[in-house]
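Worksheet: the structure to be examined is printed underneath.
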Protein chains: 2
Amino acid sequence: MTEPGELSDRERRAWYAFLTMQEDLRRHMNRQLLNDTGLSLADYAVLSTLWMQPDNSLRVFELRERLRWEKTRLTHQISRMVTRGQVERNPCADDPRGQQITLTPAGHEAITKAVPLHIDYVRRVFLDVVTPRQLDSLAALSEAVLDNLTTDEDPADT
Amino acid sequence: MTEPGELSDRERRAWYAFLTMQEDLRRHMNRQLLNDTGLSLADYAVLSTLWMQPDNSLRVFELRERLRWEKTRLTHQISRMVTRGQVERNPCADDPRGQQITLTPAGHEAITKAVPLHIDYVRRVFLDVVTPRQLDSLAALSEAVLDNLTTDEDPADT
DNA sequence: TCAAAAAGGGTGATGCATCATCCTTCTCAG
DNA sequence: CTGAGAAGGATGATGCATCACCCTTTTTGA
């Protein structure tokens with residue numbers, strides 16, 4: 001290997017390329033989405049998750065599990081989305097503590113338009129330039145890293 | 001392939017795993033760095049870039065090229081770092097428009113401590129669970145995506 | 001059975017990222 | 001030589017991400 005505290009050239013190249021790509025891609029994607037649909041990536045994540053439900057609705061904690069977000073982040077995001085009229089908060093019948101989050105008609109329309117645009121975008125900027133072997137390798141790598149992260153710890157909130 | 005506007009199972013798996021991994025990793029990394037060293041990832045990027053210079057100093061636009069950030073982002077980041085005493089802004093001799101950004105002693109000490117910790121962290125959470133083949137594949141993939149992004153457009157600021 | 005912890009959810013403050021806009025100095029083609 | 005645009009850099013506002021902390025209801029184990 002290399003000394004602790006140092007990276008080999010190969011490692012440095014890969015890590016740096018990955019970091020850069022990931023940042024640029026996220027920025028580019030966010031901008032594109034915002035321009036084309038008026039939604040942020042965070043909006044898109046929430047809306048598309050609700051959209052996949054038969055009743056366009058989920059409890060906050062269910063949304064949180066699917067998104068792998070932290071409590072506070074999702075609460076704030078929902079609050080902003082409520083003021084924008086994208087989703088609504090309703091008290092939950094079963095559990096007086098609970099809140100049911102539901103797509104508004106406006107939210108539904110927005111995400112219905114956004115999804116195909118975004119999928120095409122992902123294909124254009126990402127999938128089209130990646131070989132099948134690279135794609136499978138990336139999937140395996142990602143899952144390995146995720147495993148390692150989540151077994152390593154959990155920050156007491158999630 | 002698949003219909004436009006849809007992803008195959010293979011594509012969906014890889015894209016979703018990548019997105020999730022990337023987000024979780026960034027969050028985890030940021031938290032770790034903040035706990036261990038008191039620096040944000042943005043701080044780390046700026047400080048380590050200055051630190052690699054012989055005189056611990058760069059013009060704003062040089063810093064911007066190396067970081068691949070946008071003007072406004074870097075200006076704001078520097079302003080915050082100045083108030084925290086991590087770097088200082090000095091007028092530039094050659095060009096009255098220019099600003100020279102230099103590490104303060106405190107900034108130098110912080111980054112000197114942070115770098116080996118962070119490298120070890122990267123090894124632990126990422127490099128250790130990735131095979132050499134996967135690493136090379138990731139590097140190639142990342143460079144291809146980056147190429148595709150930057151030829152595609154430039155947002156008139158960078 | 002009843003207190004303590006866990007689960008569900010929220011608030012305010014702060015730092016970070018981006019947009020729109022602005023100012024000054026420099027460059028260069030006409 | 002000069003005026004237009006480019007380059008270097010800054011500001012204020014807004015949305016997003018995280019931290020520390022809070023409240024209420026539900027579970028649970030002693």
Side-chain angles (χ1 to χ4, degrees), chain A residues 22-35 38-47 58-65 67-84 86-87 89-101 154-158, chain B residues 22-35 38-47 58-65 67-84 86-87 89-101 154-158:
Chain A
Q22 174 261 94
E23 283 177 30
D24 283 26
L25 180 56
R26 191 160 32 82
R27 176 160 44 248
H28 192 270
M29 204 160 79
N30 196 43
R31 177 138 45 203
Q32 189 80 11
L33 196 61
L34 217 49
N35 284 343
L39 301 177
S40 68
L41 275 177
D43 295 337
Y44 185 91
V46 171
L47 292 177
L58 280 173
R59 287 284 301 272
V60 173
F61 78 93
E62 295 174 315
L63 207 40
R64 204 166 59 224
E65 283 168 4
L67 293 170
R68 319 180 99 242
W69 285 14
E70 287 161 36
K71 279 186 184 184
T72 199
R73 182 181 176 194
L74 184 53
T75 299
H76 282 304
Q77 180 66 30
I78 289 174
S79 298
R80 286 187 299 264
M81 294 179 73
V82 167
T83 76
R84 285 180 221 129
Q86 298 168 322
V87 299
R89 257 198 263 249
N90 294 113
C92 179
D94 326 3
D95 190 334
R97 297 172 301 179
Q99 290 290 105
Q100 193 79 24
I101 309 301
D154 52 303
D157 189 328
T158 304
Chain B
Q22 174 261 94
E23 283 177 31
D24 282 26
L25 179 57
R26 192 161 32 82
R27 177 162 38 250
H28 192 271
M29 205 161 78
N30 197 44
R31 179 140 41 203
Q32 189 79 11
L33 196 60
L34 217 49
N35 284 343
L39 301 177
S40 68
L41 276 177
D43 294 338
Y44 185 91
V46 171
L47 293 177
L58 280 173
R59 287 285 300 273
V60 174
F61 78 93
E62 296 173 316
L63 206 41
R64 204 165 59 224
E65 283 168 4
L67 294 170
R68 318 181 98 242
W69 286 13
E70 288 161 36
K71 280 185 181 185
T72 201
R73 181 180 177 194
L74 184 52
T75 299
H76 283 303
Q77 179 67 30
I78 289 174
S79 297
R80 286 187 299 263
M81 294 179 73
V82 167
T83 76
R84 285 181 222 128
Q86 297 168 324
V87 300
R89 257 198 263 249
N90 294 113
C92 178
D94 326 6
D95 189 335
R97 297 172 300 179
Q99 290 289 105
Q100 193 78 25
I101 309 301
D154 52 302
D157 188 327
T158 305

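Residue numbers begin at 1 in each chain, while the letters A, B, ... track the order of the sequences.
- Distance A:E70 CD to D:dC19 P: 6 Å, rounded to the nearest Å.
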Q.
Run B:L39 and B:Q86 through side chain to side chain contact (heavy atoms under 4.5 Å, CB included) and show every step you take.
A. CA-CA 10 Å; B:L39 301 177; B:Q86 297 168 324; 3.5 Å; yes
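- Contact annotation: side chain of A:H76 to base of D:dG15, donor-acceptor pair absent below 3.5 Å.
- Comparing atom distances between the A:R31 side chain and each of D:dT18, C:dT18, D:dC19 picks out C:dT18 as nearest.
- For A:Q77 and A:D94, each mapped to the nucleotide of DNA chain D holding its nearest heavy atom, the one lying further toward the 5' end belongs to A:Q77.
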Q: Could you give me the CA-CA distance, side-chain angles and deciding distance for B:I101 and B:V82, then say whether side chain to side chain contact (heavy atoms under 4.5 Å, CB included) is met?
A: CA-CA 10 Å; B:I101 309 301; B:V82 167; over 6 Å; no
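- A straight line from CE of B:M29 to C1' of D:dA17 spans 15 Å, rounded to a whole angstrom.
- Comparing D:dG8, C:dG8, C:dC16 by their closest approach to the side chain of B:F61 singles out D:dG8.
- A donor and an acceptor atom sit less than 3.5 Å apart, one in the side chain of A:R97 and one in the base of C:dA7.
- The nucleotide whose nearest atom lies closest to any side-chain atom of B:T72 is, among D:dA20, D:dG12, C:dA17, D:dG12.
- Across B:Q99 and B:C92, no two heavy atoms sit closer than the pair N-CB, 4.1 Å.
- Under 4.0 Å is where a charged nitrogen must lie from a carboxylate oxygen, and between A:R68 and B:E23 no such pair does.
- Spacing between atom CG of A:L39 and atom P of D:dG15 amounts to 14 Å, rounded to whole angstrom units.
- Atom CG in A:D95 sits roughly 13 Å away from atom C1' in C:dA6 (whole-Å rounding).
- For the pair A:R73 CZ and D:dA20 P, the interatomic distance rounds to 18 Å; values are reported in whole Å.
- Rounded to whole Å, the distance from NZ on B:K71 to P on D:dA7 is 9 Å.
- Checking C:dG10, D:dC16, D:dG8 against every side-chain atom of A:Q99, the shortest atom distance belongs to C:dG10.
- Taking both residues in full, the closest heavy atoms of A:W69 and A:R64 are given as O-CG, 3.2 Å, listed atom of the first, atom of the second, then distance.
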Q.
Set out, in order, the CA-CA distance, both residues' side-chain angles and the distance that settles salt bridge (charged side-chain N to carboxylate O under 4.0 Å, His left out) for A:D94 and A:R59, then state yes or no.
A. CA-CA 11 Å; A:D94 326 3; A:R59 287 284 301 272; 5.4 Å; no
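- Rounded to an integer number of Å, the gap from CG of B:L74 to P of D:dG8 is 13 Å.
- Here B:R26 lies out of heavy-atom contact (under 4.0 Å) with every strand.
- Of the listed nucleotides (C:dG9, D:dG8, D:dT11), D:dG8 has the atom at the smallest distance from the side chain of B:R59.
- The side chain of B:R80 sits closest to C:dG15 out of D:dC16, C:dG15, C:dT11.
- Checking the phosphate oxygens (OP1, OP2) of D:dC16, a side-chain nitrogen or oxygen of A:S40 falls inside 4.0 Å.
- Across the protein-nucleic acid pair, B:L41 atom CG and D:dT18 atom P stand 11 Å apart, rounded to whole Å.
- Distances were taken from every side-chain heavy atom of A:R84 (C-beta onward) to each of C:dT18, D:dC16, D:dG9; the shortest belongs to D:dC16.
- Mapping B:A42 and A:T75 onto DNA chain C via the closest heavy atom, the residue that lands nearer the 5' end is A:T75.
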